[in-house]
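Here's the structure we're looking at; comments come further down.
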2 protein chains.
Amino acid sequence: MTRRPKIKDIAERLGVSPATVSRALADTGLVAEPTLSRIREAASALNYRPNVSARNLRTRRSMAVLLVVRDIGNPFYLDVVKGVEAAARAAGYAVLMGNAENDPERETEYFDMLRDGHADGMILMTGSLPSTPDFRRHLSPDLPVVVALEMIEGVGFPHVQIDNEAAARQAVEHLVGLGHRRIAHVCGPVPEEMSVRRREGYRAAMQAAGLPIPEGYEQRGDYLLQSGRDACRRLLALPEPPTAIFLANDEMAFGAIHELRRMGRDVPGDVSVVGFDDLYLSEAFFPPLTTVAQPRAEIGRRAMGMLLDMLSGGPAPHDPVILPTTLKVRGTTAAPKIS
Amino acid sequence: MTRRPKIKDIAERLGVSPATVSRALADTGLVAEPTLSRIREAASALNYRPNVSARNLRTRRSMAVLLVVRDIGNPFYLDVVKGVEAAARAAGYAVLMGNAENDPERETEYFDMLRDGHADGMILMTGSLPSTPDFRRHLSPDLPVVVALEMIEGVGFPHVQIDNEAAARQAVEHLVGLGHRRIAHVCGPVPEEMSVRRREGYRAAMQAAGLPIPEGYEQRGDYLLQSGRDACRRLLALPEPPTAIFLANDEMAFGAIHELRRMGRDVPGDVSVVGFDDLYLSEAFFPPLTTVAQPRAEIGRRAMGMLLDMLSGGPAPHDPVILPTTLKVRGTTAAPKIS
DNA sequence: ATGAAAGCGCTAACAC
DNA sequence: GTGTTAGCGCTTTCAT
């Protein structure tokens, strides 16, 4: 036997029909005992494996899902991907990797992959959708798509996410609670929804505490290390520099801490720093970073769970699933010096 | 039109044969101009996309590759995955995610996925293979499999990797060059090949420098943060504690630095630390970590490139591809205090 | 409980 | 340059 065995081979060997072999191997419970065992043994002996293309063609399903992230190289996604993978695996689905790189054209391609049968469903972790009319025309809210981490408004896909605004607010309240009054914020690339929400949380907390947001206290970043550094430098150059900085993600927070240190400031002695995301190893930094943790693996699992429900004919949930965040108070925040 | 269009629909609409449509859409250059354009336009108007299951069944290829890592949650793989994804994408291949979790059974499943047509080839980044006789029996060296990062001996798969021993040796030589004589090592989970090689590099460098390796100077770790901490504590409890520690990866190095700081030791003032891998953000630590960088994205690209060559009928390269590493001298290493 | 037959949608021989 | 035909390997009516 040099050729890969197919169902027909087993069937002929055993003098049964291909249909029976298929039924036996699929555990349908429709095949009676003497035959069942013989088929299983023969399949095992021949080291038979069903051809997935043939099966997919026939069943019109691929038993695969497509996971599309903004940047596969960003550690931020590690746990989410892990959660998705685990849930998919448990349900017998394979996971295809999608890397959008913030490129609308690529995103379109992933939607195409969905349509052409590469995958049965898609989990989208990009903050936006291509805006070409051609794309919009073919967009339907009952595509098997779940949006996770990010928000995409106006297309009716189910979401699983956190309350970014409330979480940011909590982070700033922590600083306020420590006695800080001069608190600055470095936001992400507004007007992206996530960046806006985190900034809104900052503003809400400041207002609730009756604190002003002086000119220059809101700096714009892009979630990368260098932008944290740059924003920090600008903040320290202010006539009244802040005693605390809340940055919209951990990576920028590391950049800021670096810059502070380079300029001879102690963290948290001179300036407190709070991040957002609780990256892998954020706790291992020195000092360990105070930050907002989101349940990333759980987000991945839930997103996959929702997708699986939709794929098995369930209705697309209309309300977004909001998962709780945790403020991790660690070593980069302290009371301000008496001034 | 409510149903998904198929080739036949286009063919009938245009009064040509399905074969012609297929050829036109596949850019075979076999269809002449009046027809060609009409077909393209019709396909575009109908928003036609070929069904991949049908195509895969017919062509006996899936145009997908399987990427299997030890732990998808480990940041170590980020750039490798990115490199693989980029190369695969450029060649028109999709990437399926495999997460072995050090479980031989799972690994077997991924080999099965290869056989059953889920993917045309596989990139393996696990250090070992299942050892069950059943698995070994069906193992052939001309499976389209490339091993990256790790080494798997005795099965004849092509490899792309770094010279772990030479790289480790270089790291230790750096410490020797700074004047250190009491240099300890925290290795990975020996007897895994990678851990062994890095340890051999340490030993070779010590021997070449005429330095002894006192009892207890070789500690065993498991590449995780906590084991770096623990090993460090044991090293400091030695009668003659080391002035420098070379750890087999960055994560353990962070653990060690943490522990050193907790015990009031300055890095690099009291103890120098060198890691291995140059993790994402290792440079952002304080002090920035001195470590060995390997060209991870390039490893991914090359592995994928080799796999593509094999898939297009090229011979499996017999000699492993060895990519160069770089010692990144940063802030955690300095000359020892005069003692 | 099993078999016969059809067909999923595509591409590749082979004709013309 | 285009059409005809067959068939990839499987699952699923429908019949018995």
Side-chain angles (χ1 to χ4, degrees), chain A residues 1-40 42-43 46-64 92 112-118 120, chain B residues 1-40 42-43 46-64 92 112-118 120:
Chain A
M1 171 78 62
T2 169
R3 206 177 77 281
R4 282 200 55 149
K6 41 193 189 186
I7 277 196
K8 209 173 152 205
D9 296 324
I10 302 182
E12 283 170 1
R13 237 170 110 111
L14 264 45
V16 298
S17 81
T20 303
V21 176
S22 173
R23 285 188 277 248
L25 264 22
D27 271 327
T28 53
L30 296 174
V31 179
E33 201 20 273
T35 330
L36 186 60
S37 294
R38 290 179 60 222
I39 292 176
R40 284 191 178 142
L46 288 176
N47 195 230
Y48 169 79
R49 295 236 92 208
N51 176 309
V52 295
S53 299
R55 167 183 292 167
N56 290 349
L57 176 58
R58 181 62 234 234
T59 58
R60 299 148 156 291
R61 305 195 309 163
S62 65
M63 292 305 280
D112 284 344
M113 286 179 70
L114 198 58
R115 287 178 2 91
D116 68 23
H118 261 110
D120 297 332
Chain B
M1 170 78 60
T2 170
R3 206 176 78 277
R4 282 201 54 151
K6 40 193 192 185
I7 276 195
K8 210 174 152 206
D9 296 324
I10 302 183
E12 283 171 1
R13 236 170 111 111
L14 265 43
V16 298
S17 80
T20 303
V21 177
S22 173
R23 284 189 277 246
L25 264 24
D27 271 327
T28 52
L30 296 174
V31 179
E33 200 21 272
T35 330
L36 186 60
S37 294
R38 290 179 59 222
I39 292 176
R40 284 191 180 143
L46 289 175
N47 196 228
Y48 169 79
R49 294 235 94 210
N51 176 309
V52 294
S53 300
R55 168 184 293 166
N56 290 348
L57 175 58
R58 181 63 235 233
T59 59
R60 300 151 157 286
R61 305 196 308 163
S62 65
M63 291 304 279
D112 284 344
M113 286 179 70
L114 199 58
R115 287 178 4 92
D116 67 22
H118 261 110
D120 298 331

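Computation of the quantities below employed the complete heavy-atom set of this structure, encompassing side-chain atoms and omitting hydrogens, waters and symmetry-equivalent molecules. Everything quoted here is computed from the prediction, not taken from an experiment. Residue numbers begin at 1 in each chain, while the letters A, B, ... track the order of the sequences.
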Using a 4.5 Å cut-off on heavy atoms from C-beta on, say whether the side chain of A:L46 contacts that of A:R13. yes
By side-chain hydrogen bond (donor to acceptor under 3.5 Å, both in side chains), which residues pair with A:S53, not counting sequence neighbours? none
Specify the closest pair of heavy atoms between B:L36 and B:A24, including all atoms of both residues, with the distance to one decimal. CD1-CB, 3.7 Å
Would you list the pairs meeting salt bridge (Lys or Arg N to Asp or Glu O under 4.0 Å) in which at least one residue belongs to residues 50-61 of chain A, sequence neighbours left out? none
side-chain hydrogen bond (donor to acceptor under 3.5 Å, both in side chains) partners of A:D112, counting only residues at least two apart: none
Any side-chain donor paired with an acceptor under 3.5 Å for A:S62 and A:D120? yes
Residues forming a salt bridge (charged side-chain N to carboxylate O under 4.0 Å, His left out) with A:R40, sequence neighbours excluded: A:D27
For B:R23 against B:V31, the heavy-atom pair lying closest together: CB-CG2, 3.7 Å
By salt bridge (charged side-chain N to carboxylate O under 4.0 Å, His left out), which residues pair with A:R49, not counting sequence neighbours? B:D116
Nearest-nucleotide 5' precedence on DNA chain D, A:I7 against B:S17: B:S17
Who pairs with A:S37 by side-chain hydrogen bond (donor to acceptor under 3.5 Å, both in side chains), at least two apart in sequence or on another chain? A:E33
When the axes are fitted on five pairs at both termini, how much does the helix from C:dA1-D:dT16 to C:dC16-D:dG1 curve, in 10° steps? 30°
Short of 4.0 Å, heavy atom to strand atom, which residues of residues 19-30 of chain A count as contacting DNA chain D? A:A19, A:S22, A:R23
For DNA chain C, which residues of residues 50-63 of chain A approach it to below 4.0 angstrom with any heavy atom? A:L57, A:R58, A:R60
Identify whether any heavy atom of A:G15 sits under 4.0 Å from a base atom; if not, whether one sits that close to sugar-phosphate; answer base, sugar-phosphate or nothing. sugar-phosphate
Taking any atom under 4.0 angstrom from a heavy atom of chain A, which nucleotides of DNA chain C are the first and last to qualify, 5' to 3'? C:dA1 to C:dG9
Partners of B:T20 by side-chain hydrogen bond (donor to acceptor under 3.5 Å, both in side chains), sequence neighbours excluded? B:S17
Within the structure provided, determine whether A:D9 and A:Y48 are in side-chain contact (heavy-atom separation under 4.5 Å). no
Minimal non-hydrogen separation, B:I10 against B:A42, with atom names: CG2-CB, 4.0 Å
Can you give the first and last nucleotides of DNA chain D, 5' to 3', that have an atom under 4.0 Å from a heavy atom of chain A? D:dG9 to D:dT13
